[in-house]
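We name chains A, B, ... by the order of the sequence lines, and we start the count at 1 in each one. Keep in mind that what you see is a predicted model, and the values were worked out from it rather than measured.
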Protein chains: 2
Amino acid sequence: MHRLMASLSAPSEYSDTERTIFDAALQVFAREGRTGARMQGIADAADINKAMLHYYFRDKRTLYEDVFAYTVRQFMASFDISLTEAPTFAETLRVFIDGYVDFVRTHDAAMRLMVQENLAGGTLLGEHMREATNTDRTPPSILVNTIEDAVEAGEIRPVDPHHTVLTVISTCLYFFVARPTVQILHPPAERDWDAFVEERKDHLFDLIYRGLAPRD
Amino acid sequence: MHRLMASLSAPSEYSDTERTIFDAALQVFAREGRTGARMQGIADAADINKAMLHYYFRDKRTLYEDVFAYTVRQFMASFDISLTEAPTFAETLRVFIDGYVDFVRTHDAAMRLMVQENLAGGTLLGEHMREATNTDRTPPSILVNTIEDAVEAGEIRPVDPHHTVLTVISTCLYFFVARPTVQILHPPAERDWDAFVEERKDHLFDLIYRGLAPRD
DNA sequence: GGCTGGTTCAACCATTTGGTTAAACCATAC
DNA sequence: GTATGGTTTAACCAAATGGTTGAACCAGCC
């Protein structure tokens with residue numbers, strides 16, 4: 001179904017050393033931020049000499065942009081990956097929520113990078129988004145289409161598909177962003193985060209699907 | 001209704017100079033991040049000498065913590081402020097969504113600080129959250145109670161109030177976090193953001209209220 | 001063996017950055 | 001007027017940080 005399971009992190013055309021550096025950089029950038037990250041810290045995380053970073057990736061900016069560009073590609077692909085056409089819209093939605101939540105859970109560092117870049121104003125986002133997007137039609141739009149189709153088929157009431165997609169993404173994503181706050185305010189999420197995530201999938205599907213149901 | 005309209009930024013016990021510094025620091029920290037922000041940049045934004053920063057706020061860490069502590073207090077208070085008991089749960093929800101979205105819109109810098117601190121691991125969050133919280137019962141819990149009451153009164157179906165509150169917060173907040181992405185992927189939001197925000201209030205209320213409605 | 005090319009390393013450099021200091025400024029009180 | 005105490009400034013400092021360099025290392029190849 002999901003092809004050969006793309007690497008969780010570094011692009012495949014990299015050598016071992018490059019891959020090690022790339023993975024370390026992703027983690028450090030995600031944790032410390034674009035400016036907070038130190039080249040020495042990345043070198044330590046990759047267990048190599050600091051000069052090696054500059055040998056394989058010209059400078060900090062280049063390293064960051066390579067990491068970020070790959071992250072954007074991963075994120076765009078996540079929509080494709082999570083969306084499987086199922087017989088009913090209900091099933092399609094359920095599978096998407098499960099898939100997308102799992103994607104975010106297993107790509108924590110990538111998610112943090114994306115959010116950070118958004119908070120920073122999104123200048124880099126624009127460039128790399130277009131690059132990762134204009135090959136085929138932009139990934140989120142296939143989700144929009146799915147909802148449009150469901151509306152036309154009468155499976156759900158008429159709703160703005162863009163807002164609906166944004167709502168689904170928000171609810172699947174934000175609780176990972178605010179995980180520390182959630183865990184402070186809701187002890188069960190602190191005691192067993194994975195169980196909380198599973199609960200959340202159920203809750204989200206119930207709420208959103210009923211919210212979209214036709215009639216009233 | 002909302003008391004005397006608390007200042008949008010600096011605490012009231014500050015002198016003019018302190019207030020100027022505080023406001024500048026909030027903006028710069030929110031834009032550049034905790035580590036990305038430069039003391040010189042804050043001084044420039046406040047149009048004062050760099051040494052003044054250290055005169056009024058001991059060092060960068062102190063300045064940041066003062067700004068952040070105030071931000072946490074503001075955010076906790078935002079729940080109280082946005083929540084007005086109305087005759088029906090539908091009205092209460094509508095008013096809360098409107099109020100909370102408006103709060104986030106008008107407190108952009110504060111929102112960014114909160115999200116950044118969450119992404120950074122939330123160590124500081126824990127301390128300041130407790131401080132801003134343990135005086136009276138924690139603000140989000142009054143929202144949880146509101147939902148519990150509505151369930152008991154049969155106004156909405158039985159749902160987990162914690163997940164429901166988290167869902168409301170997510171949908172009201174996340175589109176501000178991801179604003180650059182949203183604007184790239186959805187041109188109308190780029191052309192007229194304020195109109196998009198208003199649309200979103202309607203969409204969110206419709207979706208969530210129907211999602212919570214009893215029966216099926 | 002010795003040449004060649006990519007790779008690895010320790011030491012080094014220039015700049016940036018957070019933070020200090022000592023003197024100057026300026027209002028108010030005496 | 002001048003002494004006092006908070007305020008403001010320019011110059012300065014030490015540490016941290018991104019980035020460089022020249023030599024050493026180490027395959028494979030003639």
Rounded to the Å, how far apart are B/Lys60 NZ and C/dG18 P? 5 Å
Could you tell me whether A/Met52 contacts a base, only the sugar-phosphate backbone, or nothing, with contacts defined as non-hydrogen atoms closer than 4.0 Å? base
With side-chain hydrogen bond (donor to acceptor under 3.5 Å, both in side chains) as the test, would you mind laying out the steps for A/Gln27 and A/Asp23 before giving the verdict? CA-CA 6 Å; A/Gln27 296 304 323; A/Asp23 288 345; over 6 Å; no
Ignoring the backbone of A/Tyr56, work out which of C/dT8, C/dT21, C/dC9 is nearest its side chain. C/dT8
Would you mind reading off the distance between A/Asn49 atom CG and C/dA10 atom P, rounded to a whole angstrom? 6 Å
Let me know the distance between CZ of B/Arg38 and C1' of C/dG19, rounded to the nearest Å. 14 Å
Rounded interatomic separation in angstrom, taking CD1 from A/Ile21 and C1' from C/dT7: 11 Å
Rounding to a whole Å, what distance do you find between B/Leu53:CG and C/dG18:P? 10 Å
Just checking A/Asp59: base, sugar-phosphate only, or nothing, at a heavy-atom cut-off of under 4.0 Å? sugar-phosphate
Rounded to whole Å, the NE2-C1' distance (A/His54 to C/dT7) equals 16 Å
Assess the pair B/His163 and A/Phe175: is the distance between their ring centroids shorter than 6.0 Å? no
Atom-to-atom span, NZ of A/Lys50 to C1' of C/dT7 - whole angstrom: 18 Å
What about A/Phe68 and A/Phe29, are their ring centers closer than 6.0 Å? no
Minimum-distance nucleotide (side-chain atoms of A/Thr17 versus C/dT8, C/dG19, C/dT17): C/dT8
Does a salt bridge link A/Asp202 with A/Arg94, judged by any charged N lying under 4.0 Å from a carboxylate O? yes
For B/Asp102 and B/Lys201, run salt bridge (charged side-chain N to carboxylate O under 4.0 Å, His left out): C-alpha distance rounded to whole Å, both residues' side-chain angles, the deciding distance at 0.1 Å, then the answer. CA-CA 10 Å; B/Asp102 282 337; B/Lys201 290 177 184 171; 3.0 Å; yes
Chain B on DNA chain D: first and last contacting nucleotide, 5' to 3', under 4.0 Å to a heavy atom? D/dG6 to D/dA10
Would you classify A/Ala37 as touching base, sugar-phosphate or nothing, given that sugar-phosphate means primed atoms plus P, OP1 and OP2, and contacts are heavy atoms under 4.0 Å? sugar-phosphate
Of all the choices, C/dC9, C/dT7, C/dG19, which nucleotide is nearest to the side chain of A/Tyr55 once you look at every atom? C/dT7
Sub-6.0 Å ring centroid separation between B/Tyr100 and B/Phe79: yes
One thing to verify: whether A/Asp194 and A/Arg105 come together as a salt bridge, which I'm taking to mean a side-chain N less than 4.0 angstrom from a carboxylate O. yes
Separation of C/dT8 P from A/Phe57 CZ (nearest whole Å): 13 Å
